[in-house]
Structures are given as C-alpha cells and as structure tokens.
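Atoms considered below: every heavy atom in the structure, side chains included; atoms not considered: hydrogens, waters and symmetry mates. Each chain gets a letter, A, B and so on, in the order the sequences are listed, and its residues count up from 1.
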Amino acid sequence: AQSVTQLDSQVPVFEEAPVELRCNYSSSVSVYLFWYVQYPNQGLQLLLKYLSGSTLVESINGFEAEFNKSQTSFHLRKPSVHISDTAEYFCAVSVPSGGYNKLIFGAGTRLAVHP
Amino acid sequence: NAGVTQTPKFQVLKTGQSMTLQCAQDMNHEYMSWYRQDPGMGLRLIHYSVGAGITDQGEVPNGYNVSRSTTEDFPLRLLSAAPSQTSVYFCASKGQGYNEQFFGPGTRLTVL
C-alpha cells in the first residue's frame with residue numbers, strides 16, 4: 001500500500017532563515033508527487049508538483065522540491081522564508097486506481113516563521 | 001470561474017441529525033472527491049466520483065453517502081451524525097488528463 005510520511009509535525013524557523021520540510025513516500029509503482037499549502041482558515045492550494053522529467057521542481061514563490069527516487073523522498077526547501085510562509089504544508093502522492101488517481105496525503109507539517 | 005464552492009462554511013449538529021454538505025464546480029471536471037481533515041492525520045478520502053452517475057468509496061466511507069446526478073454537483077450526506085464526524089470537510093475536483101486537484105474552501109462541522 002502507498003503511504004506518505006512527513007517527518008516533522010512542526011517546524012519553527014526565524015524569518016530569512018532556510019527551511020526544509022521532509023517527505024518520504026512508499027509505493028511499488030510510479031507516482032506523481034505534490035506539495036499543497038494551507039494558509040490559516042483556508043483550503044488547500046497546489047504549491048508544486050512532480051510528474052516526470054527534471055527531478056527539481058520550483059514554485060513561483062521561491063519553494064523548490066527534489067524528487068529522489070532512490071531515497072523515495074520529495075523534500076520541500078526554501079532558502080529564505082518570510083512571515084507570510086507561515087502555513088501548513090502537505091505532501092501527497094497520486095497513484096493510479098481504476099482510472100482515478102487517488103491522492104494520498106501525509107499528516108502535514110506546520111511551518112511557523114518568527115520575526 | 002468560481003472554481004470549487006462549498007456550503008455551508010460552518011455547521012453544528014446534534015448526534016443523530018442528518019445534513020448534506022454541498023459542493024459544486026464550474027470547471028466541467030469529471031472527477032470530484034470528498035476529504036476530511038483531522039489534526040495530525042492529513043486529509044483522508046471519503047468518497048469520489050469519476051463522472052455523473054459513478055461514485056466509489058475512499059479510505060473512510062462509513063457514515064457518509066454521495067451521489068452525482070450532474071457533472072457540477074457532488075453532495076455529501078450524513079444520515080445520522082456522530083461526534084466522530086466532527087472534522088473539516090473538503091471537496092475537490094480534477095479534470096481528465098490533469099493531475100492537479102482543485103480544492104474548495106472547506107466546511108467545518110461540529111457534532112455535539
């Protein structure tokens with residue numbers, strides 16, 4: 001069975017510091033990988049995705065994630081965080097399932113950026 | 001486009017009451033799904049639909065019913081609410097051939 005593990009439930013960090021949110025997955029088949037962000041009292045928004053091709057993917061607001069097949073990881077990084085990055089981040093994998101690609105989510109990592 | 005809309009935003013029920021959470025999308029997406037979000041557990045799939053008239057169970061379907069009579073709408077019914085169904089519920093949709101799911105703003109449900 002497929003699963004997603006987010007290794008940190010909470011990550012506190014100071015503004016302008018770098019951050020890494022870790023995500024590992026298990027799957028016996030090829031998967032698509034996603035990071036979603038949830039700002040307080042809002043729904044989920046897609047941050048970035050890996051479908052194929054280059055293993056390093058970037059978002060428009062400075063986040064990047066690297067797909068590492070051998071380590072089955074898809075860690076999210078940002079070299080310098082802002083207060084506005086405070087949110088909960090969810091890693092997810094999509095696996096084929098009878099024509100519908102189900103999303104399996106990790107438990108989430110709460111990023112708290114302090115001034 | 002409004003995207004994915006959900007109503008109501010908040011709801012309080014008593015144990016045993018029934019209600020329907022509404023979800024609609026205006027993107028002509030084939031796939032729609034319902035998730036519940038609980039602290040420390042991420043989002044878990046309740047039910048999903050691959051098109052009008054076709055639904056299937058997800059990871060945690062017990063206590064919930066769905067139907068899909070139109071492409072646009074995918075309501076979630078709680079027939080007899082239980083405190084264990086206190087959660088935040090998200091509806092999502094996805095177009096065929098795309099892998100990104102678009103999420104609604106959520107419904108926060110409390111069952112007393």
Reference residue Leu43(B); test side chain to side chain contact (heavy atoms under 4.5 Å, CB included); the match among Ile104(A), Leu103(A), Leu44(A):
Leu44(A)
Which atoms of Leu51(A) come close to chain B, meaning under 4.5 Å heavy atom to heavy atom: side chain ones, backbone ones, both, or neither?
side chain
Are Val31(A) and Leu48(A) linked, directly or through intermediate hydrophobic residues, by side-chain heavy-atom contacts shorter than 4.5 Å (ILVMFWY only)?
yes
If I measure from the heavy atoms of chain A, does Tyr35(B) come under 4.5 Å with its side chain, its backbone, both, or neither?
side chain
If you count heavy-atom pairs under 4.5 Å with chain A, which of Arg108(B), Glu59(B), Gln101(B), Arg44(B) comes out on top?
Gln101(B)
Under a single-linkage definition using a 4.5 Å side-chain heavy-atom cutoff for Ile, Leu, Val, Met, Phe, Trp and Tyr, are Tyr89(B) and Leu79(B) assigned to the same hydrophobic cluster?
no
Grouping I, L, V, M, F, W and Y whenever their side-chain heavy atoms are under 4.5 Å apart, do Met19(B) and Trp34(B) come out in a common cluster?
yes
Counting only non-hydrogen atoms closer than 4.5 Å, does Gln6(A) touch chain B with its backbone (N, CA, C, O), its side chain (CB onward), both, or neither?
neither
Walk me through it: do Glu100(B) and Tyr32(A) pass the test side-chain contact (heavy atoms from CB on, under 4.5 Å)?
CA-CA 10 Å; Glu100(B) 176 181 354; Tyr32(A) 301 136; over 6 Å; no
List the atom of Gly40(B), the atom of Ala107(A), and the distance in Å for their closest heavy-atom pair.
O-CB, 3.3 Å
Please say yes or no: joined through hydrophobic side-chain contacts below 4.5 Å, possibly via intermediate residues, are Phe74(B) and Leu109(B) part of one cluster?
yes
Check for me, please, whether Met41(B) and Leu7(A) land in the same ILVMFWY cluster - side-chain distances under 4.5 Å, paths through other members count.
no
Here the pair of heavy atoms bringing Gln38(A) nearest to Phe90(B) is NE2-CZ, 3.3 Å
Answer yes or no: is there a side-chain heavy-atom contact under 4.5 Å between Phe103(B) and Gln42(A)?
no
